[in-house]
Novice: 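Submitted below is the structure of interest, expressed as structure tokens.
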Amino acid sequence: MRRLGRVLAILFLAVAILGFAKRDQIARLHAAMTLFDQDKIVGNFSHMDRMFASTQLLSPPHQPSPLPKAPHPLTPPAGLEDWVAQRNITALMVLHKGEVAFEDYYQGTGPEDLRVSWSMAKSFLATLLGFSLLDGSIASIEDPVTKYAPALKGSAYDGATIRNVLHMASGVEFNEDYLDFWSDINKMGRIIATSGSLDDFTAGLKTRSRPPGEAFHYVSMDTHVIGMVLRGATGRSIPDLMNERVITPLHLERDPYYLTDSTGTAFVLGGMNMTTRDYARFGQMILQDGHWQDRALVPETWIREMTADSAPRGDDAEHYGYQWWLPHDARPGEFYARGVYGQYIWFDRAAETVIVVNAADTGFAGEGVHDQNMAMMRALVRATQ
């Protein structure tokens, strides 16, 4: 019994030492497991850097670019209050002709909160890609991704072009169901929470469901491949590139940050965090075809190309460009960035309107929810006219 007691004491000590050594990983894994709990989700979505590794996009000292208030504030459309409550909206902002027509915050959040983008970050990355095409770092979007990301040779991405991954048409087999604990997307999430590498995870995908370019099929790792291509083409990190070419010139109110994996690689497919007002600044720049404060930040031709309906049809009713969405019944000038749990940057070029929505909506995948959200966007646009 005495010997057994000593063995158990040694085992207990070993477990304690291992637990202490891995405490950060354990804490992050616990955070990942409770990230979407109903009583925590709102706070979590405004403080992701408390739970996961991150890197700030630090701009030089500056005055934030102006967001003037519209002379005639928007009259809220019918049903707005109920929609905000039902969809667990945390922030809503409407810009009309570059002026703030509506701005409000909910669920105890405020304008200073740095809110997670989720997949709206994909549209940021597509915007960044335009610079590397312009300066020749990337010769063509018809190039194979392995030209710039050789680590993908032998993976399911071998043979896919940059255009294919921009279109979410890589053909890679991938389960994107956020509500399935064992889905590929949730396995990827646990990689971020522990000590794994997103590059290794992506290169480890070996199976295709169809040939590249055949049809749209939403695979978030396609966006990570775009990040690998940009890093390989430029020799620089995505945060550095994004900060220099997009973030710093926008003169934001608060420095945003990217979530990262344990190697410091940015979570480019969903890890941007910034204020609602700064999402609106980015949106207004896109609406203005890449222009901001009398300066051309992004090539106008690239803005138009990436937001056009160009992806091959696939298994989603919505239409797609290069990491940007278009409604299935899109009116001229309508397109949007979208993230899970109710994140949107909605554009209506004809109405000169940008709408930013942040939310913590655990029912985002419910039948008819997205259609309800689009209907409210359009009602808000009408209210600006």
Novice: Are the side chains of Met228 and Tyr157 in contact, using a 4.5 Å heavy-atom criterion?
Specialist: no
Novice: So, does Thr384 use its side chain to make a donor-acceptor pair with the main chain of Val381 at under 3.5 Å?
Specialist: yes
Novice: Do His217 and Ser209 have a side chain donor and acceptor closer than 3.5 Å?
Specialist: no
Novice: To the nearest 0.5 angstrom, please state how far the CG atom of Asp278 sits from the CG atom of Leu252.
Specialist: 4.0 Å
Novice: Is the NZ or CZ atom of Arg338 positioned over Phe364's six-membered ring, under 6.0 angstrom from the centre and within 45° of the axis?
Specialist: no
Novice: What distance do Tyr258 atom OH and Asp49 atom CG have between them, rounded to the nearest 0.5 Å?
Specialist: 15.5 Å
Novice: Is Asp261 reaching over with its side chain to a backbone N or O of Thr265, donor-acceptor style, under 3.5 angstrom?
Specialist: yes
Novice: Side chains of Ser183 and Glu176: is there a donor and an acceptor less than 3.5 Å apart?
Specialist: no
Novice: Take Asp199 and Thr202 through the side chain to side chain contact (heavy atoms under 4.5 Å, CB included) test and state the conclusion after the steps.
Specialist: CA-CA 5 Å; Asp199 284 0; Thr202 307; 5.7 Å; no
Novice: Are Lys153 and Asp158 within salt-bridge range, i.e. N to O under 4.0 Å?
Specialist: no
Novice: Donor-acceptor check, side chain of Lys206 to backbone of Ala156, threshold 3.5 angstrom: yes or no?
Specialist: no
Novice: Please confirm whether the backbone N or O of Asp180 pairs with a side-chain atom of Asn186, one donor and one acceptor, at under 3.5 Å?
Specialist: yes
Novice: Go through it in stages, so that I can follow the logic: the residues are Tyr218 and Trp325, the test is ring-ring contact (aromatic ring centres under 6.0 Å, His included), and I'd like the CA-CA distance, side-chain angles, deciding distance and then a yes or no.
Specialist: CA-CA 11 Å; Tyr218 195 84; Trp325 294 91; 5.6 Å; yes
Novice: Thr161 side chain to Glu142 main-chain N or O, any donor-acceptor pair under 3.5 Å?
Specialist: no
Novice: Could you state whether Val369 and Leu92 fall into the same hydrophobic cluster, counting links through intermediate Ile, Leu, Val, Met, Phe, Trp or Tyr residues with side-chain heavy atoms under 4.5 angstrom apart?
Specialist: no
Novice: Between Asn44 (side chain only) and Leu35 (backbone N and O only), is there a donor and an acceptor less than 3.5 Å apart?
Specialist: yes
Novice: Between Ser170 and Arg210, is there a side-chain donor-acceptor contact under 3.5 Å, judged purely by atom types and distance?
Specialist: no
Novice: Examine distances only and state if a side-chain atom of Asn273 and a backbone atom of Gly271 form a donor-acceptor pair shorter than 3.5 Å.
Specialist: yes
Novice: Report yes if the side chains of Arg295 and Pro249 come closer than 4.5 Å at any heavy-atom pair, otherwise no.
Specialist: yes
Novice: If a pair satisfies side chain to side chain donor-acceptor pair (under 3.5 Å) and one of its residues is in residues 89-101, list it, with sequence neighbours excluded.
Specialist: Thr90-Arg115
Novice: Mind listing the closest non-hydrogen atom pair of Pro327 and Trp346 along with its distance?
Specialist: CG-CH2, 3.7 Å
Novice: So, Ser117 versus Gln343: side-chain donor-acceptor pair below 3.5 Å or not?
Specialist: no
Novice: Compare every heavy atom of Leu134 with every heavy atom of Pro299, then report the nearest pair and how far apart it is.
Specialist: CG-CD2, 3.8 Å
Novice: Rounded to the nearest 0.5 Å, what separates atom CG in Leu114 from atom OG1 in Thr276?
Specialist: 9.5 Å
Novice: Does the side chain of Asp143 come under 3.5 Å of the side chain of Ser140 through a donor N or O and an acceptor N or O?
Specialist: no
Novice: Using a 3.5 Å distance criterion without hydrogens, assess whether the side chain of Thr34 forms a donor-acceptor pair with backbone atoms of Asp37.
Specialist: no
Novice: Atom NZ in Lys40, atom CE in Met51: separation rounded to 0.5 Å?
Specialist: 10.0 Å
Novice: A side-chain contact here means heavy atoms from C-beta on lying under 4.5 Å apart; do Thr275 and Asp113 qualify?
Specialist: no
Novice: Where does the angle between the aromatic ring planes of His370 and Tyr336 fall among parallel (under 30°), tilted (30 to 60°) and perpendicular (over 60°)?
Specialist: tilted
Novice: With side chain to side chain contact (heavy atoms under 4.5 Å, CB included) as the test, would you mind laying out the steps for Phe174 and Arg208 before giving the verdict?
Specialist: CA-CA 8 Å; Phe174 197 82; Arg208 283 196 188 128; over 6 Å; no
Novice: Kindly write out the residues that satisfy side chain to side chain donor-acceptor pair (under 3.5 Å) with Arg236, not counting sequence neighbours, or none if the list is empty.
Specialist: Glu244
Novice: Is the closest side-chain donor-acceptor distance between Tyr148 and Ser132 under 3.5 Å?
Specialist: no
Novice: For the residue pair Ile162 and Lys147, establish whether any side-chain heavy-atom pair is separated by less than 4.5 Å.
Specialist: no
Novice: Which atom pair, heavy atoms only, marks the closest approach of Arg281 to Trp292?
Specialist: O-CZ3, 3.8 Å
Novice: Could you tell me the separation between the CZ atom of Phe124 and the CG atom of Leu129, rounded to the nearest 0.5 Å?
Specialist: 15.5 Å
Novice: Would you tell me whether Asn373 and Trp83 have side-chain atoms, one donor and one acceptor, within less than 3.5 Å of each other?
Specialist: yes
Novice: Check Pro239 against Thr55 and note the closest heavy-atom contact, atom names and distance.
Specialist: CG-CG2, 3.7 Å
Novice: Determine, for Glu334 against Arg378, whether the closest basic-nitrogen to carboxylate-oxygen distance falls under 4.0 angstrom.
Specialist: yes
Novice: Side chains of Trp324 and Lys122, heavy atoms from C-beta outward: is any pair under 4.5 Å?
Specialist: no
Novice: Do Arg231 and Ile238 come close enough that some side-chain heavy atom pair is under 4.5 Å?
Specialist: yes
Novice: Are Gln293 and Leu250 close enough that some pair of their side-chain heavy atoms sits under 4.5 Å apart?
Specialist: no
Novice: For the backbone of Ile303 and the side chain of Asp289, can you confirm whether one donor and one acceptor N or O come within less than 3.5 Å of each other?
Specialist: no
Novice: Considering only NZ, NE, NH1 and NH2 on the basic side and carboxylate oxygens on the acidic side, decide whether Asp135 and Arg245 come within less than 4.0 Å.
Specialist: yes
Novice: Could you walk me through whether Glu253 and Arg277 pass the salt bridge (Lys or Arg N to Asp or Glu O under 4.0 Å) test, one step at a time?
Specialist: CA-CA 8 Å; Glu253 291 188 11; Arg277 292 173 64 83; 2.6 Å; yes
Novice: Mind running side chain to side chain contact (heavy atoms under 4.5 Å, CB included) on Asn175 and Ile185 for me, showing each step along the way?
Specialist: CA-CA 6 Å; Asn175 180 354; Ile185 194 67; over 6 Å; no
Novice: To check you understand the geometry: which heavy-atom pair defines the closest contact between Tyr320 and Leu166, and what is its length?
Specialist: CE2-O, 3.6 Å
Novice: Between Tyr105 and Gln107, does any side-chain donor sit less than 3.5 Å from a side-chain acceptor?
Specialist: no
Novice: Measuring from Thr248:OG1 to Asp255:CG, what's the distance to the nearest 0.5 Å?
Specialist: 8.0 Å
Novice: According to the interplanar angle, ranging from 0 to 90°, do the rings of Tyr341 and Phe45 count as parallel (below 30°), tilted (30 to 60°) or perpendicular (above 60°)?
Specialist: perpendicular
Novice: Let's go through Met285 and His291 carefully: what are the C-alpha distance in whole Å and the side-chain angles of both, what is the deciding distance for side chain to side chain contact (heavy atoms under 4.5 Å, CB included) to 0.1 Å, and is it a yes or a no?
Specialist: CA-CA 6 Å; Met285 181 270 290; His291 289 80; over 6 Å; no
Novice: Hey, is CD on Glu367 packed in by over 12 heavy atoms from elsewhere, all under 6.0 Å?
Specialist: no
Novice: Is the side chain of Ser123 donor-acceptor paired with the backbone N or O of Gln323 at a distance under 3.5 Å, no angle test?
Specialist: yes
Novice: To check you understand the geometry: which heavy-atom pair defines the closest contact between Phe335 and Leu326, and what is its length?
Specialist: CB-CG, 4.1 Å
Novice: Side chains of Asn358 and Tyr279: closer than 4.5 Å at any heavy-atom pair?
Specialist: yes
Novice: Which residue pairs pass the ring-ring contact (aromatic ring centres under 6.0 Å, His included) test when at least one of the two sits in residues 60-82, sequence neighbours left out?
Specialist: His62-His251
Novice: Just checking His167 against Tyr322, ring centres under 6.0 Å apart?
Specialist: yes
